[in-house]
Amino acid sequence: MQQTYDASAVESKWQKRWEEAKVYEVDLKKAKDSYYSMVMFPYPSGDKLHVGHWYNFGPADSYARFMRMQGKEVFAPMGFDAFGLPAENYAIKTGIHPSKSIAENTRTMIAQLKHIGCMYDWSKTVNTSQPEYYRWTQWLFLQMFKNGLAYRKEANVNFCSCCQTVLANEQAQNGLCDRCSTEVIRKPMTQWFWKITDYAETLLQNLDDLDWPEKTKLMQRNWIGRSEGVEVEFQVDCSDEVITVFTTRVDTLYSGTFLVLAPEHSLVDALTDAQHEAEVRAYKLAAAKKTDIQRTDLAKEKTGAFTGAYAVNPLSGEKMPIWIADFVLAHYGFGAVFADAHDERDFAFAKKYGIPLKTNICPADGGDADAIRNLEVCYTEDGILYDSGEFDGMSSADARKAIAKWLEKRKKGRGVVQYRLRDWSISRQRYWGAPIPIVYDPEGNPHPIPEEHLPWLLPTDVEFKPTGTAPLAQSKELKERTEKLFGKGWKPEVDTMDTFVCSSFYQFMYLSTEGVGTKSEIGNRKSDFIDAKIEKKWMPVDMYIGGAEHACMHLIYARFVTMALKDFGFVNCEEPFKKLVHQGIITNQGAKMSKSKGNVVSPDAFVEKHGADVFRMYLMFMGTFTDGGDWSDTGIKGIDRFVQRIWKVLNKRVDQCSPQVRAKVHATVKKCTEDIPALRFNTAIAALMELLNDLEKQGGIAQEGAEIVARLLAPLAPHLAEELWESIGKKGFVIDQPWPEFDPALLETTSVTVAVQVNGKVRGQIEVAVDVAEAEVITQAQEEPNVARHLEGKQVRKAIYVKGRLVSLVV
RNA sequence: GUCGUGGUGGCGGAACUGGUAGACGCGCCAGCCUUAGGAGCUGGUGUCCGCAAGGACAUGAGGGUUCGACUCCCUCCCACGACACCA
């Protein structure tokens with residue numbers, strides 16, 4: 001045995017042995033007690049693995065290792081979310097092809113990941129940018145298309161007229177292009193959408209049964225944004241046109257005095273009269289220049305323009321002027337609202353433009369009825385109706401039902417449910433993504449590319465310089481390929497898919513893959529999308545750990561795609577992730593680590609100095625896993641010492657542990673057994689440290705105890721535990737050993753220390769047997785010298801005994 | 001603005017369904033060992049008073065419920081995070 005523990009030598013030794021013995025490879029077909037553990041796969045960027053990765057992957061691996069020692073056959077795959085913007089921007093800057101930079105980054109990242117010592121099954125890795133993978137991204141598109149869930153429509157994109165390119169929201173912050181600072185405009189483009197809204201209700205309902213953080217569920221509920229209301233039809237005055245509006249407050253319809261349409265509303269041009277044409281056109285143009293961020297800036301004053309047209313209020317029969325304003329969003333509801341004095345926004349807008357207002361609701365207790373009636377204040381709450389014909393005196397809630405019924409009877413409206421959730425725009429006018437498997441006939445009609453032509457390869461003869469058209473449009477090869485296969489005049493779709501599509505089904509790809517991403521031959525994977533038996537056995541994912549930033553986008557898309565695949569008959573599960581946990585964020589001096597701030601902490605130096613086990617354990621020991629924390633390197637020493645000391649003491653044998661130490665060993669087993677599955681790694685490690693202190697006082701540990709402690713360490717410090725297991729003379733891998741069990745009998749004590757309080761203050765402690773009667777304990781408590789002093793000359797009015805804890809005396 | 005989360009020693013953080021606040025670690029202090037130590041070992045360490053025994057005060061601030069509150073309730077302050085005109 002060496003005197004000191006040489007982390008770096010030990011770690012490479014065991015990493016090599018694990019790999020040679022294929023310890024972490026899982027036979028997906030044969031496995032019986034399956035446990036599927038996933039982390040959110042990383043993007044292979046040129047920067048090295050950072051602290052955030054370690055903070056996600058290390059603890060997640062400790063959890064997976066614990067599950068394995070519980071007897072589960074744990075499948076823990078790792079892959080790469082390799083398509084996306086950074087590689088493309090890097091290519092624009094350097095001329096290096098994304099496939100080349102991504103391949104290189106992936107290679108270095110795999111090497112780095114292996115140093116963490118996680119139990120990844122590298123035989124089943126995925127890389128979304130490989131044809132073997134994106135063939136299935138394209139297949140998924142075809143299924144969506146076939147089942148009517150993929151359609152085309154015009155939608156706005158952020159566009160920079162200087163760079164001649166479409167921008168992602170993150171590239172267009174505060175309305176300026178992040179490359180050239182030109183003002184970003186909204187440009188309409190025809191794009192592919194997936195009908196996620198068909199699943200809005202299921203996405204919402206299923207949340208109740210998921211073992212997910214309540215916070216995340218709440219965010220998804222808000223994102224889906226279900227609201228019940230009424231769709232009301234307004235006849236345009238002197239015209240056949242009808243404007244449909246959605247409202248949750250149909251009880252205020254009587255006071256509705258004007259309509260507001262989104263500038264993009266399809267009827268705007270038809271409604272606008274000659275007199276207002278110039279103003280409306282100017283307003284529409286101005287609105288188009290604004291990004292959503294600017295349009296939805298609450299601080300900015302509301303603006304609008306009058307069209308000159310009027311509609312009729314179906315309830316009151318009054319004429320309502322029709323306005324346009326950019327605070328009304330084209331993509332929510334019907335892109336139109338009716339406005340009244342019971343809404344702050346409408347109220348302010350009407351006052352600004354001198355539009356008449358009316359009220360019809362006051363608080364149930366009368367409240368400030370006059371001020372409301374005189375339009376001095378804006379009352380937005382529910383209340384009692386007045387000036388509302390047959391609905392007078394009704395409560396808002398009753399009126400909503402009654403008015404809905406009234407409208408329905410006259411075919412002027414109906415009760416409906418609206419969602420905030422919008423269909424998923426999956427088109428990207430970019431190069432580095434999965435090509436959309438669609439071709440257009442000479443008339444411009446879209447046709448799906450037959451499955452036998454998949455993967456529909458991403459062409460390579462493309463310049464990356466932005467030209468205003470989608471990069472794939474420049475490819476001669478793609479054009480020729482299309483004409484050769486489909487005929488003269490046929491054109492390929494030139495958009496690629498959103499990278500969120502790639503990551504929406506990777507939970508299935510890990511299960512249906514042998515080495516995708518490690519082999520580079522195209523189309524070597526001829527099997528079905530997934531083997532039904534394997535899917536049934538492994539899905540849904542038992543534990544999914546990743547950042548909270550994906551609470552809405554990725555985690556909703558993956559749920560939607562899983563639901564759709566179930567309805568198409570390819571999978572059995574409806575939900576992809578049974579249990580979800582978000583790790584906290586590691587900040588540096590209180591700020592999120594980012595390249596631009598220059599405060600990124602690299603793990604490399606620490607790992608080199610102390611080893612992966614120490615670094616992993618330190619991250620876990622820093623605080624609560626789900627809370628994250630602020631980085632500081634001062635405490636890592638403590639974990640380093642812990643590793644050295646535990647190495648020493650576990651290699652020092654005593655014939656027999658004292659009863660106290662034996663009890664402590666078993667108490668530590670209990671604590672770790674409870675804390676690790678609950679992801680409370682910090683307290684599990686603290687318990688092991690307490691035990692270590694006792695062991696050192698004893699001067700060593702008995703063989704039996706050493707075998708227990710080595711196994712307790714296996715999830716937390718995998719390399720150290722293997723080395724210990726070997727050095728105490730055990731065969732095989734410690735990770736293949738069953739998790740130790742504790743003997744509850746050893747944890748029972750015969751006597752306990754009980755605190756004695758007098759008027760709520762601790763005045764002394766007494767030792768009592770566990771099963772002693774209450775009266776006896778109270779008598780003993782009063783006899784304790786210091787307690788007696790405080791009781792002197794006073795009458796005990798009340799005495800409370802909390803078993804095994806304390807006695808509370810009131811005088 | 002709305003919603004959410006959280007404020008505990010010099011620092012990171014513990015604390016079961018209300019039951020001895022400060023586990024564990026860092027740092028600091030003293031001692032041992034050493035040619036030396038940014039190594040190791042032993043002990044101490046919330047603040048204040050006291051030689052000590054002991055006592056007073058302490059979980060962002062203020063109030064309340066209780067024999068007893070970091071924990072429950074009310075008001076306020078601060079920090080962080082998410083969403084952002086949703087009709």
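Being a predicted model, the structure only gives us computed values, none of them experimental. Here is the naming used below: chain letters follow the sequence lines, and residue numbers restart at 1 for every chain.
Between B:C80 and B:A56, the distance separating the two C1' atoms is 36 Å to the nearest Å. When the P atom is compared between B:U5 and B:A53, the two are found 45 Å apart, to the nearest whole Å. A distance of about 15 Å separates the C1' atoms of B:U8 and B:C57, rounded to the whole Å. Using P as the reference atom, B:U65 and B:C16 are 25 Å apart when rounded to the nearest Å. For the P atoms, the distance linking B:G43 with B:A23 amounts to 15 Å, nearest Å.
Residue-level contact check: A:Asn693 touches the backbone only, with heavy atoms under 4.0 Å from sugar-phosphate atoms and none from bases. Note on A:Arg680: nothing from the nucleic acid sits closer than 4.0 angstrom, heavy atoms only. Residue A:Glu690 is classed as a sugar-phosphate contact, given heavy-atom separations below 4.0 Å to backbone atoms only.
In terms of phosphate contacts, A:Thr247 brings no side-chain nitrogen or oxygen within less than 4.0 Å of OP1 or OP2 of B:C86. In this structure, A:His790 reaches the B:G55 phosphate: one of its side-chain N or O atoms is under 4.0 Å from OP1 or OP2. When the side-chain nitrogen and oxygen atoms of A:Arg641 are compared with OP1 and OP2 of B:G40, one or more of them lie within a distance under 4.0 Å. Side-chain N/O atoms of A:Arg420 include one lying less than 4.0 angstrom from OP1 or OP2 on B:A84. Contact check, A:Asn786 against B:G55: a side-chain N or O comes under 4.0 Å of OP1 or OP2. Applying the 4.0 Å criterion to OP1 and OP2 of B:G54, one finds that A:Arg789 has every side-chain N and O outside that range. For the pair A:Asn222 and B:C86, the criterion of a side-chain N or O lying under 4.0 Å from OP1 or OP2 is not met. Under 4.0 angstrom from either OP1 or OP2 of B:G54 there lies no side-chain N or O belonging to A:Lys761. Taking side-chain N and O atoms only, A:Lys671 has no distance below 4.0 Å to OP1 or OP2 of B:C24. For the pair A:Lys798 and B:G68, the criterion of a side-chain N or O lying under 4.0 Å from OP1 or OP2 is not met.
Seen from the ring of A:Trp54, A:Arg616 does not count as a face-on cation partner, given the 6.0 Å and 45° thresholds. Cation-pi check for A:Arg559 over A:Trp424 is not met; the charged atom does not lie both under 6.0 angstrom from the ring centroid and within 45 degrees of its normal.
Here A:Lys351 does not pair with A:Asp346 in a salt bridge; the nearest charged N to carboxylate O distance is not below 4.0 Å. Salt-bridge formation is not detected for the pair A:Arg680/A:Glu674: no Lys NZ or Arg NE/NH1/NH2 atom is positioned less than 4.0 Å from an Asp or Glu carboxylate oxygen.
Applying the 90° criterion around 0 to the glycosidic angle, B:G54 comes out anti.
The partner of B:C32 is B:G40, by the rule that a Watson-Crick or G-U pair needs both atom distances under 3.5 Å. Under the Watson-Crick or G-U wobble criterion, with both distances below 3.5 Å, B:G1 is paired with B:C83. Pairing of B:C11, defined by two Watson-Crick or G-U wobble distances under 3.5 Å, is identified with B:G25. Remark: B:U20 base-pairs with no nucleotide; criterion is Watson-Crick or G-U wobble with both hydrogen-bond distances under 3.5 Å.
The closest side-chain heavy-atom distance from A:Tyr618 to A:Phe606 is not below 4.5 Å.
The nearest whole Å value for the distance from the CD1 atom in A:Ile224 to the C1' atom in B:C83 is 15 Å.
Taking the six-membered ring wherever Trp is involved, the centroid distance between the rings of A:Phe246 and A:Phe334 does not fall below 6.0 Å.
With hydrogens and angles left out, the side chain of A:Arg805 and the base of B:C16 share a donor-acceptor pair within 3.5 Å. The base of B:C26 does not come close enough to the side chain of A:Thr634 for any donor and acceptor atom to sit less than 3.5 Å apart.
Closest to the side chain of A:Lys697, from the set B:G43, B:A15, B:C3, is B:G43.
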